[in-house]
Amino acid sequence: MTTRGGPGIRVSRYGEQEVISGARPPHRWDPAWQIGWLGDAVTVGFGLVEGIEPTIDGDKISGDAQGAQPVLKLPDTWDDEGRLWVALKVKTGEDGKIAEERDAVTVEIVSKLRGDDRTGVHALAVVTKTGLVHQVEYFHLRYVRRDSSVDGRKVVQHLFW
Amino acid sequence: MRRQFLSSHLLLSQGGDEWRLRLTGWRGFRHPWAAVVTWEPELKTWCMGFRPGFVNGIDPLVKGAAGYDSVVLSGSAVASDRAAVGGGRREVGVSEGKDREIFKDGERKDLPLLSSPLLALNFADAQRWPQRRRVPAAIENMGVPARVDGTGGVAVSEMGGVTVDLSVADREEKQAKGRVARTLDILLAQPRVGIRETVDLLDPTGVTGRIVQYNRVYDLSVMEQVGARAFLYAVPDAEEAMKRRRLSFGEKFAGGVDGDDMLDKQHICRVWAIGPEEGDVVDGTWQIEVEYRTFWNLKYASRLPPLNVIPEAVNFPLGLGIGGGFGGLVINQILALNDDLYQRVLRASAESAPEGRFWG
C-alpha cells in the first residue's frame with residue numbers, strides 16, 4: 001500500500017518507516033496557547049505562566065523534540081450550559097508561590113472554573129457541546145496568589161494577568 | 001506504532017486496525033465581542049449578535065433592559081458561524097421545529113452569549129448626532145457633520161455642572177448640514193458587593209451629650225437581584241452610565257446621597273446608526289457601523305474590603321456640656337479624640353473601595 005500526499009502534505013519514507021508532514025499557511029499573528037481542535041480532543045500550543053511551561057500528564061504542552069504534542073481528550077460530562085473549559089491549574093505551596101514540584105502547572109479539561117486555596121484555575125478556552133471552540137486567553141501569563149482576611153476569615157485570590 | 005503522533009498540524013493515530021489522519025492546529029484569531037447587526041423586519045428593530053467574549057472565562061448574559069426586547073435564536077452554534085459568514089444571517093432549524101423564539105418586554109429572558117442571543121437595539125432614546133462632541137473621523141467621512149455649536153444660535157457653557165446661558169442676540173445659526181446619526185453604547189456590567197456606610201446621631205440616656213455612630217455593612221442587594229454573572233446591555237450614553245456615583249465618607253457625612261449602583265462597567269462598543277438628513281426614526285434603510293472599545297476577553301477582580309478595620313461602631317462624643325473652669329482643657333482633649341476618630345474613619349473609608357477592575 002502506498003501513501004500519497006495531497007496538496008500541502010509530504011510523505012517521506014525511511015526504510016520501513018513513513019513520515020507524513022503537512023502544514024497550514026502561517027498565521028499573521030502567533031499568540032500563546034493556540035488551541036488545536038480535533039473534534040473529540042484538543043491540543044494546546046506553547047504558553048508560559050511565570051516563565052513555566054505547563055504539562056499535560058507529564059508532557060510539555062508544546063510537545064517533545066519531534067513535535068509530538070500531548071492530547072487532551074474531552075470527557076462526556078458537560079456543565080448545565082453545555083460547556084467545558086480547557087483550563088490552566090497552578091498549584092501553590094504554603095508560601096503562596098508556585099510549588100516546586102514537576103507538575104505544578106498543568107492544563108486540564110474541567111467543567112467548573114473553581115480551584116481551592118492552593119490551586120488557581122484560569123480558563124484558556126471554552127468548548128461547547130455543539131462543537132464550538134473559543135479561545136479565551138491569548139497571552140503568556142503572570143500569576144500571583146493574594147492572601148487576605150476579611151473579618152477573621154481567610155480569603156485567597158488567584159490573579160492571572 | 002500505537003502512540004499518537006503530531007507533526008506540523010497533522011495528527012496520526014491508530015486505533016486497532018485503523019489509522020486516522022487529522023488536520024489540526026489553530027484556526028486563527030477571532031476577535032471577541034465582534035458583533036453582527038441585522039435588521040429584523042418582523043420586530044422592526046436592529047438586532048445585535050455577538051461573537052462570544054468572556055469575563056474570567058465565563059460568557060456573560062445578554063439582558064434586555066426595560067423597553068428593549070431580547071431575541072433568541074434557539075439552536076446554538078449560530079453566532080460564530082453567522083459572524084464568519086460576513087454579516088449575513090442563517091436560520092437554524094432545531095428539533096422542535098421552530099428556529100427562533102422572541103421574548104417581548106415582560107417575558108425577558110437572560111441568555112448566556114454561548115447560546116447566541118440577540119440584543120434588540122432600541123434607538124428611540126439613543127444619543128443624537130451631530131452634537132457638541134466631535135464624531136470620529138470615520139463617521140465624519142460618511143457624511144455626518146463633525147459637530148455643531150449649540151442649537152438655534154444659543155451658546156451654552158457648562159462649568160462645574162452649572163449651565164450658563166451665553167446667548168448673544170445677533171449670533172447666527174450654525175447648524176451644519178449633512179447626515180444624522182444615532183448611537184447606543186453596549187456596556188458590560190459586573191455586579192459586585194457594595195459597602196453601606198451609615199452615620200447616626202444617637203442620644204443615649206445617662207450620658208450628657210450626644211453620640212455620632214458610624215457603621216458599615218456589606219450591601220448585597222444588587223447581587224441578590226441580578227445575580228453574580230456579568231451581563232451586556234445597551235445605554236444611550238456610556239459616559240453618563242459609567243460615572244462614579246459612590247460618595248466618600250466625607251461627602252456622605254456632609255449630607256451627600258450615595259448613588260452606588262454596585263455594578264462595575266466596561267464599555268464594549270458603540271453602535272452608530274447613520275441615516276439621511278432630516279431622518280428621524282431608525283429603520284432598515286439606515287447604515288450601521290460598530291465602533292469597538294474592547295477587543296479582548298477580560299479578567300475581573302474586586303476587593304472585598306474588611307469591615308472590621310474599625311472594631312465596632314465608632315462613637316464620637318459630641319457637644320458634652322462642660323462647665324466650670326475645666327472647659328477649655330477637656331473640650332480640647334475631646335475634640336482631639338474626635339478628630340482622631342474621624343480621621344481614622346475617613347482613611348478606612350477611602351482605603352476600602354469595593355470597586356473592581358477589568359483587565360485584558
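A note on names: the letters A, B, ... follow the listed sequences, proteins ahead of strands, and every chain is numbered from 1.
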When the 4.5 angstrom heavy-atom criterion is applied to B:N56 and chain A, the contacting part is backbone
Let me know if A:V126 has heavy atoms under 4.5 Å from chain B in its side chain, its backbone, both or neither.
-> side chain
Tell me yes or no: between the side chains of A:T55 and A:D103, is some donor less than 3.5 Å from an acceptor?
-> yes
Residue among A:K129, A:R146, A:E137 with most heavy-atom pairs under 4.5 Å to chain B = A:E137
Using non-hydrogen atoms only, which part of A:W161 is less than 4.5 Å away from chain B: side chain, backbone, both, or neither?
-> both
To the nearest 0.5 Å, tell me how far A:D117 CG sits from A:T92 OG1.
-> 8.5 Å
Tell me, for A:L124 versus chain B, whether the close heavy atoms (under 4.5 Å) come from the side chain, the backbone, both or neither.
-> neither
Partner set under side chain to side chain contact (heavy atoms under 4.5 Å, CB included) for A:S62, not counting sequence neighbours = A:F46, A:E53
Taken to the nearest 0.5 Å, the spacing of B:N297 CG from A:H134 NE2 works out to 10.0 Å
The reported gap from CD in B:E291 to CZ in B:R293 (rounded to nearest 0.5 angstrom) is 4.5 Å
